[in-house]
Amino acid sequence: MATNLALDPELIDRALAVSGEKTKKAAVTRALEEFIARRSQKRLIDLMGKLEWDASFDYKAERSRR
């Protein structure tokens, strides 16, 4: 999908430098992937302490091959 964006040239240059990517497209794609990954991880961290633990659940038994 072609999209035109007005991006800060200094940010693009910095993204190229720190990412090691050779093209602006690759640098922006990597930045978006990392942004999505971090936000997804944050949602998991936000759940800490909010889920009830079933003390009777045997996770080791669930890992065994049947």
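Start at 1 with the first residue, then count along the sequence.
Phe35 and Val28 fall into different hydrophobic clusters, where Ile, Leu, Val, Met, Phe, Trp and Tyr side chains are chained together by heavy-atom contacts under 4.5 Å. Clustering ILVMFWY residues whenever any of their side-chain heavy atoms sit less than 4.5 angstrom apart, transitively, puts Leu5 in the very cluster that holds Ile12. The hydrophobic cluster containing Trp53 does not contain Met48, counting ILVMFWY residues as joined when their side-chain heavy atoms lie under 4.5 angstrom apart, directly or transitively.
Between Gln41 atom CD and Ile36 atom CD1 the span is 12.5 Å, to the nearest 0.5 Å. Here the CG atom belonging to Leu16 is positioned 11.5 Å from the NZ atom belonging to Lys22, to the nearest 0.5 angstrom. Separating the CG atom in Asp8 from the CG atom in Asp13 is a distance of 9.0 Å, to the nearest 0.5 Å.
Applying the salt bridge (Lys or Arg N to Asp or Glu O under 4.0 Å) rule to Glu21 yields the partners Arg30; only residues at least two apart in sequence or on another chain are considered.
Pairs of residues two or more places apart, or lying in two chains, that qualify as salt bridge (charged side-chain N to carboxylate O under 4.0 Å, His left out) and include a residue from residues 32-43 are Lys42-Asp46.
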